[in-house]
Amino acid sequence: MITQNWMKIKDAADKGSKLLFPIGVIEEHGPHLPLGSDIYYSSRICELVKAELESKGQETLIVPGYYWGINFCTGAFPGSFSLKPETMMQVLFEIFENLNSFGFLEVYCFNYHGDSHHVNTIVAAIKRANSELGMKVKLVLEAMDLQLFGWNEDEDFLLVSNPPYPSEWFEEEPVEERELYDIHAGAFETALMNHICPEYVDLNKAKAMKSSSLSADGLNKWLAGGESTKEVVPLGYAGNPAGYEAVFKHVKEMLDLQAADIAERIVNPING
């Protein structure tokens, strides 16, 4: 969107173009990954979905990325910016108001920051935009993450994606990691960032880092936030960065599967 002039924005709105909205945070991701990891991920998925939609004849625009979110768990680390929920909700709602005033109604939000305070604030802004502005705004969420928030596939504020990932991908994880939680700046995110923006990834550090994947007790300390999080992960990563290579070989295919599935569900919605 930001590369277009205002007349092209008006033309796109007049044609009923869909909008893709990357959302993330600026947050520490260990000593080997950039603060902007989540917004880089959201932005790349938007680019891939845009290409898929346009191959289906659906014109789309990508909204400028939003990254002033909530970092409850990692907020005690330098570099992790965090807003109050009411501030974030109001800013997001006013962004939706602007998009609505331009003539857009259909917006798909892509967020890859799992903090529940952050996600619930996005949903609050989406619900308000849909209710007060008559918009059709949805949060794109993978089916595997529904249980984290107590949702199912019927919520009208969600577009639930379920890419056909090969089952063998999930069998390649090292045995010693299978009962632990690799949730932040670990194998997956290290592999992902090395694919999206390798110039910002310190692989030498990643290869030398010991696993800090979390036990159930460690996860509870992580979720408590603040100094409790720093106690359990003093270097700011909760995972196994050195294991990125096993994941890296699948990253491109994974992103392509995500984008294709999301685009198909936007064009042919299951629950409207």
Side-chain angles (χ1 to χ4, degrees), residues 1-2 17-29 33-50 53 60-75 79-100 102 104-130 133 135-146 148-149 151 155-161 183-185 188-189 192-193 196-197 255 258-259 261-263 265-266:
M1 178 178 277
I2 60 175
S17 296
K18 298 170 174 57
L19 297 181
L20 310 177
F21 187 12
I23 298 175
V25 292
I26 304 299
E27 173 192 34
E28 67 77 20
H29 275 76
L33 296 181
L35 298 177
S37 292
D38 292 342
I39 194 66
Y40 287 135
Y41 185 9
S42 298
S43 298
R44 176 57 62 89
I45 287 291
C46 284
E47 292 168 356
L48 294 173
V49 172
K50 183 178 190 294
L53 286 170
T60 62
L61 291 175
I62 298 176
V63 179
Y66 176 90
Y67 45 78
W68 300 115
I70 298 172
N71 286 309
F72 178 79
C73 294
T74 61
S80 292
F81 290 83
S82 195
L83 300 187
K84 296 181 178 67
E86 58 269 26
T87 303
M88 178 182 170
M89 198 277 283
Q90 185 63 28
V91 172
L92 281 175
F93 177 72
E94 291 187 21
I95 290 172
F96 293 138
E97 277 189 314
N98 277 268
L99 298 176
N100 185 245
F102 301 158
F104 295 102
L105 293 176
E106 194 169 344
V107 184
Y108 295 91
C109 301
F110 294 75
N111 167 70
Y112 295 98
H113 176 56
D115 189 305
S116 61
H117 300 78
H118 176 87
V119 175
N120 287 323
T121 300
I122 295 171
V123 168
I126 288 174
K127 288 180 176 179
R128 186 178 172 193
N130 291 343
L133 305 175
M135 296 182 73
K136 182 183 176 183
V137 184
K138 291 180 181 285
L139 173 65
V140 177
L141 190 78
E142 286 204 44
M144 67 178 70
D145 293 329
L146 285 168
L148 297 176
F149 304 100
W151 297 326
E155 288 84 359
D156 60 5
F157 56 83
L158 292 178
L159 183 149
V160 179
S161 173
I183 60 171
H184 183 68
F188 170 71
E189 282 196 286
L192 179 73
M193 287 301 106
I196 292 175
C197 49
L255 294 177
Q258 281 186 17
D261 185 73
I262 293 167
R265 292 171 190 267
I266 289 175

- Message: Show me the pairs that pass side-chain hydrogen bond (donor to acceptor under 3.5 Å, both in side chains) and involve residues 87-97, at least two apart or across chains.
- Response: Q90-E94, Q90-R128

- Where is the tightest heavy-atom contact between F72 and D115, given as atom of each residue plus distance? N-OD2, 2.8 Å

- Item | Worked verdict on F21 versus V137 for side-chain contact (heavy atoms from CB on, under 4.5 Å) | CA-CA 10 Å; F21 187 12; V137 184; over 6 Å; no

- Query: Can you name the closest pair of heavy atoms from M1 and P64 and give their distance?
  - Reply: SD-CD, 3.9 Å

- Item | K50 with E47: basic N within carboxylate O range, under 4.0 Å | no

- Item | L146 side chain near L158 side chain, heavy-atom distance below 4.5 Å | yes

- Message: Just to verify, what does H29 make a side-chain hydrogen bond (donor to acceptor under 3.5 Å, both in side chains) with, not counting sequence neighbours?
- Response: D38, E189

- Of all the heavy-atom pairs spanning F157 and K127, show the shortest one and how long it is. CE2-CE, 3.4 Å

- For the residue pair F149 and W151, does the interplanar ring angle fall in the parallel (under 30°), tilted (30 to 60°) or perpendicular (over 60°) class? parallel

- Does the side chain of E155 come within less than 4.5 Å of L139's, by heavy atoms? no

- Task: Identify the two heavy atoms, one from I45 and one from Q258, that lie closest to each other, and give their separation to 0.1 Å.
- Result: CD1-OE1, 3.0 Å

- Between I70 and H118, what is the shortest heavy-atom contact and its length? N-ND1, 3.2 Å

- Task: Measure from the side-chain N and O atoms of S80 to the backbone N and O of E28, and report whether any donor-acceptor pair falls under 3.5 Å.
- Result: yes

- Tell me, with the steps shown, if V91 and W68 meet side-chain contact (heavy atoms from CB on, under 4.5 Å). CA-CA 9 Å; V91 172; W68 300 115; over 6 Å; no

- Are more than 12 heavy atoms from other residues, nucleotides or ligands located less than 6.0 Å from atom CZ of F188? yes

- Check: C73 main-chain N/O paired with H117 side-chain donor or acceptor under 3.5 Å: no

- Contact check, side chains of N100 and L105, non-hydrogen atoms, under 4.5 Å: yes

- How about V49 and V140: do any of their side-chain heavy atoms sit closer than 4.5 Å? no

- Item | N/O donor-acceptor pair under 3.5 Å between Y108 side chain and F110 backbone | no

- Note on the structure: Shortest non-hydrogen pair, A125 vs L92, comes out as CB-CB, 3.7 Å

- Output yes when a side-chain donor or acceptor of S42 lies under 3.5 Å from a complementary backbone atom of P22, and no otherwise. no

- Message: Main chain of Y40, side chain of S43: is a donor-acceptor contact present, judged purely on distance under 3.5 Å?
- Response: no

- Item | side-chain contact (heavy atoms from CB on, under 4.5 Å) between L255 and L192, worked out | CA-CA 9 Å; L255 294 177; L192 179 73; 3.8 Å; yes

